[in-house]
Q: 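Quick one: the structure is below, questions incoming.
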Amino acid sequence: MSSVPVVRVALPTPLRRLFDYRAERPGGIAAAMEPGRRVRVPFGRQQLIGIAMEVAAGSELPDERLKPVFEVLDPQPIFHPATLSLLGWAAEYYHHPIGEVLATALPKALRLGAALECAEERWLLTPEGGEAAARGEPRRAPRQRQLLAALTERGAPDCGSGERPRAPAPGLTAAELDEKLESWREAARALFARGWLVRVETAPAGAAMPSSAPIAMSPGPEPNEEQRAAIATVCDSLGTFGGFVLHGVTGSGKTEVYLRVVERALGLGRSALVLVPEIGLTPQLVGRFRQRFAVPMAVLHSALTDHERLLAWREAFSGRARIVLGTRSAVFAPAQDLGVIIVDEEHDTSFKQHEGGFRYSARDLAVVRAQRAGVPVVLGSATPALETLQNVTTGRYTRLPLTRRAAEAVPPRLSLIDLRTSAVRAGISTPAVQAIERHLEAGGQVLVFLNRRGYAPTLLCTACGWIAPCRDCDARLTVHLGAGRLRCHHCGADTALPERCPQCGFAVKTVGQGTERIEETLAALFPGITCIRLDRDVVRRRGDMEEAMRRMASGEARILIGTQMVTKGHDFPNVTLVVVLNADQGFFSTDFRAPERLAQTIVQVAGRAGRGEKAGEVLIQTEFPDHPLLLSLLADGYEGFARAALAERSQASWPPFSRLAAVRDSATTPEAALAFLTEARRTAEDLRSDRGGSGSGSRATGRAIRLLGPAPAAMAKRAGRHHAQLLLESTDRTALHRFLEAWLPVIESLPSARRVRWALDVDPIELF
Ligand SMILES: [Zn+2]
Ligand SMILES: [Zn+2]
């Protein structure tokens, strides 16, 4: 026991505890140990950066074992008390070590010790860059030329005389460039590499925005009655917590509601946090925020470099950015004076982190954050998650319906094509081909949806029955004909496409359809019509997506073939027909959420049809035209489907009628993967029946827990490792969490735990 004042530090380690360090140093540093600051401390033989969590008058450790803090990195706390308490809540709820949770909430550069002070990023032309601009270079890169021109306008260096400019050109800040040029960063990187630009960081010019500055740049369209009602309801709640589900069919103008609510919050001197699923896929939403608002905005997403992420984070932290827009981890962004949180496409599974250690749901944390901050949260979707709809039923959230599509748009007609009774060629049925022909002749565009990229999912030898397998997964390799490769979509394995069977030498055959093959088939069926494809194989860089959209918008392309990528909020106003090639993957999955995903996908894809004046038609090819969930979707839309699906969940006692937690592991052998979980289950049973002897309270709690498994994952072998899972289910959320708290330290100390990689997933959204 020591009575030296200590600071308790959260460190990014898997250990579920804080670490004590001496808070005193010559010069009386204790005051600087205020919670929320980063400190550098010795840890074993290394040094780690952690977060000071509390100062205590003494420690359990003896004096001689207490080491001093090396350095306090921040002049002020990097986490505000509210953020710190939210993260503390998350660590408890997801049962994850606080040090790692805090690390997740910071950009990498800050985890590594980058300064907290906000600097303004500014780009300047070098003399060489000025000369290049004057020569009209680089000739082949219009965006780079535009960037050079924009910087030249801002004070071109005097390059005619060959002398260095006398005063440095003022250049442009990143924020100014964001406004002038779209996706300028790529161009800036290229020009930087040639020595034509430099980047400097300067102290920002002044305080954020003068309060008299306008918030909105343009007034935006007049909202309709439903939009007005939704806006008014949320705005009335500004200043207090309220959960709102903006349930709007595609094209009903959800974004306009977000924009108006954000505008009101900004008008009250507050900021807004906007979460989106995948920024690369929602450039339109970011664009609309930029067009509408004159206030600085920080955009945080996974395609940023570490440095860019740091800069955006600092913009938010300093309070300069009044709008923070970002993907999953932006839920932890340090938005100042938060006024409202918006989660767009709240049903999207990318809000759930389901890899790595800290598996959280950004959507759920957004609600918790709003609750703690006393601000409204708006969950927007055309297809809200069943959990979200159940929260409406129980009165926890308020539903704000938007049922009308913009102006002339008429809802599309959905119908089924029975694959058992229709002639099918290369995956496309005759009725579908006829419909495509009809719509093309009428001047419409067609969207063909298939959620499987590549040419064919199987390569088969008809002589000996060999099927190209992945060596490291329980999966077949997908044929990518254009690239001449066989690829595994689960582990990324990539080999040359063989012409002959490696087993018997006979010619091999491709079986089944992927988007690449559908593109080939449609091109052959409709010669002279331009088809384009949108999937991860063709959309590789920023701009590829925009290019495809431009070709569809101009009418140059008439048929679009795409995967899930086409469902993400893009407008194709001239698409009058949508064909869903295979609707069946969702019905027979081991995952109870699969039908929900399928219905969401169908509704989202269908939403692409008939967004202009023309009514749309949606054809769904299926082998199971009598499936009750499919029928309820067709007859009563997504709401009808949701009612039916929730009734099934209720009967089976699946979420939202119960709570789940999954312990997942992987190991180099199937036996090891199961051994750990089997032992874990045994300890859970012991704890449940209280043979551990920790009182009657925990026995009562334990009884409420149902254990399912362990079982190998549906695809047990992935990337050379064998996966398995053990599920815990309870209708009593508190009991489940109390049980986990008692049980996790037990399984952490099991010897078999050391032979596997394992993680706990609270509220898992995918069951393997
Ligand atoms: Zn063979
Ligand atoms: Zn594989």
Side-chain angles (χ1 to χ4, degrees), residues 2-43 47-61 65-118 271 273 310 313-314 316-319 324 329 331-338 358 360 365 368-374:
S2 165
S3 53
V4 173
V6 292
V7 57
R8 328 196 89 159
V9 179
L11 291 173
T13 74
L15 299 169
R16 296 169 191 277
R17 44 172 285 221
L18 300 177
F19 297 85
D20 292 357
Y21 290 89
R22 251 172 225 273
E24 275 178 343
R25 265 184 9 180
I29 203 157
M33 299 292 181
E34 174 187 11
R37 295 192 200 210
R38 285 175 301 163
V39 290
R40 193 190 301 275
V41 295
F43 188 76
Q47 289 183 19
L48 290 178
I49 292 176
I51 306 292
M53 297 299 283
E54 57 193 55
V55 181
S59 170
E60 302 275 291
L61 293 174
R65 290 197 51 203
L66 283 173
K67 291 178 183 160
V69 169
F70 282 154
E71 187 189 357
V72 179
L73 277 77
D74 301 313
Q76 54 173 312
I78 196 166
F79 288 114
H80 294 277
T83 321
L84 216 49
S85 110
L86 174 74
L87 290 162
W89 185 92
E92 247 171 61
Y93 184 81
Y94 293 106
H95 299 272
H96 199 74
I98 181 74
E100 288 188 352
V101 171
L102 294 175
T104 308
L106 287 177
K108 189 174 172 201
L110 289 171
R111 295 204 295 272
L112 296 176
L116 177 59
E117 297 96 68
C118 302
S271 68
L273 174 61
L310 173 66
W313 193 92
R314 284 173 175 165
F317 184 80
S318 69
V324 179
S329 65
V331 71
F332 304 117
Q336 306 293 322
D337 312 311
L338 192 60
F358 178 37
Y360 63 94
L365 282 178
V368 177
R369 184 168 178 179
Q371 216 161 14
R372 301 170 79 95

Q: Once you round to the nearest 0.5 Å, how far does CD1 of Ile49 lie from CZ of Arg38?
A: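 With rounding to 0.5 Å, CD1 (Ile49) is 6.5 Å from CZ (Arg38).
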Q: State, to 0.1 Å, how close Pro12 and Ala103 come at their nearest heavy-atom pair, and which atoms those are.
A: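 So the minimum-distance heavy-atom pair works out to CB-CB, 4.2 Å.
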Q: Can you tell me how far apart CZ (Arg22) and NZ (Lys67) are? Round to the nearest 0.5 Å.
A: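 Here the interatomic distance stands at 11.5 Å.
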Q: According to salt bridge (Lys or Arg N to Asp or Glu O under 4.0 Å), does anything in residues 81-94 pair up with another residue at least two apart or in another chain? List the pairs.
A: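 Sorted result for residues 81-94: empty, none.
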Q: Using salt bridge (Lys or Arg N to Asp or Glu O under 4.0 Å) as the criterion, list what pairs up with Arg40, not counting sequence neighbours.
A: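 Here the qualifying residues are Glu71.
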Q: Looking at every heavy atom in both Gly50 and Leu11, which two are closest together, and how far apart are they?
A: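 Result for this residue pair: CA-CD2, 3.7 Å.
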Q: Measure the shortest side-chain to side-chain distance between Thr13 and Leu48 over non-hydrogen atoms and say whether it is less than 4.5 angstrom.
A: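 SC-SC contact between Thr13 and Leu48 confirmed.
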Q: What closest approach, in Å, do Ile98 and Gly88 show between heavy atoms, and which atom pair accounts for it?
A: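 Result for this residue pair: CD1-CA, 3.8 Å.
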Q: Find the distance between CZ (Arg8) and OG (Ser59) and round it off to the nearest 0.5 Å.
A: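 It is 6.5 Å, given to the nearest 0.5 Å.
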Q: Please walk me through it: do Leu66 and Val6 pass side chain to side chain contact (heavy atoms under 4.5 Å, CB included)?
A: CA-CA 8 Å; Leu66 283 173; Val6 292; 3.7 Å; yes
Q: Decide yes or no on side chain to side chain contact (heavy atoms under 4.5 Å, CB included) for Phe19 and Val41, but give the supporting numbers first.
A: CA-CA 10 Å; Phe19 297 85; Val41 295; over 6 Å; no
Q: Sort and list the pairs that fulfil side chain to side chain donor-acceptor pair (under 3.5 Å) and have at least one residue in residues 101-116, not counting sequence neighbours.
A: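 Matches after skipping sequence neighbours: none remain.
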Q: Indicate every side-chain donor-acceptor pair of residues 80-87 with a distance under 3.5 Å to a residue at least two apart or in another chain.
A:
| from | atom 1 | to | atom 2 | distance (Å) |
| --- | --- | --- | --- | --- |
| His80 | NE2 | Gln336 | NE2 | 3.4 |
| Ser85 | OG | Arg372 | NE | 3.4 |
| Ser85 | OG | Arg372 | NH2 | 2.6 |

Q: May I have the step-by-step check of side chain to side chain contact (heavy atoms under 4.5 Å, CB included) for Leu106 and Phe79, ending in yes or no?
A: CA-CA 9 Å; Leu106 287 177; Phe79 288 114; 3.6 Å; yes
Q: Can you name the residues that form a side-chain hydrogen bond (donor to acceptor under 3.5 Å, both in side chains) with Tyr94, not counting sequence neighbours?
A: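 For Tyr94, no residue satisfies side-chain hydrogen bond (donor to acceptor under 3.5 Å, both in side chains) once neighbours in sequence are set aside.
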Q: My understanding is that only residues two or more places apart in sequence, or in another chain, count here; which of them pass side-chain contact (heavy atoms from CB on, under 4.5 Å) with His95?
A: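 Expected list: Arg16, His737, Leu740, Glu741, Leu744, Leu760, Val762.
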Q: Could you pull out all residues at least two apart from Tyr360 that satisfy ring pair (Phe, Tyr, Trp, His ring centres under 6.0 Å)?
A: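 Testing Tyr360 for ring pair (Phe, Tyr, Trp, His ring centres under 6.0 Å), a comparison that skips the adjacent residues, returns Phe332, Phe358.
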Q: Checking Tyr21 side chain against Pro42 main chain: does a donor-acceptor pair fall under 3.5 Å?
A: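 Side chain of Tyr21 to backbone of Pro42, a donor-acceptor pair under 3.5 Å: yes, one is there.
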Q: Check Leu310 against Ala109 and note the closest heavy-atom contact, atom names and distance.
A: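 Smallest heavy-atom distance, with atoms named: CD2-CB, 3.9 Å.
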Q: Measure the spacing between CG of Leu73 and CG of Leu116 and express it to the nearest 0.5 Å.
A: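 So the CG of Leu73 and the CG of Leu116 are separated by 9.5 Å.
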Q: Check side-chain contact (heavy atoms from CB on, under 4.5 Å) between Pro107 and all other residues, then give those that pass, not counting sequence neighbours.
A: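 Pro107 satisfies side-chain contact (heavy atoms from CB on, under 4.5 Å) with Leu110, Arg309, Trp313 only.
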Q: Suppose we screen for side-chain contact (heavy atoms from CB on, under 4.5 Å). Which residues come up paired with Ala335, at least two apart in sequence or across chains?
A: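 Ser271, Val324, Leu338, Arg369.
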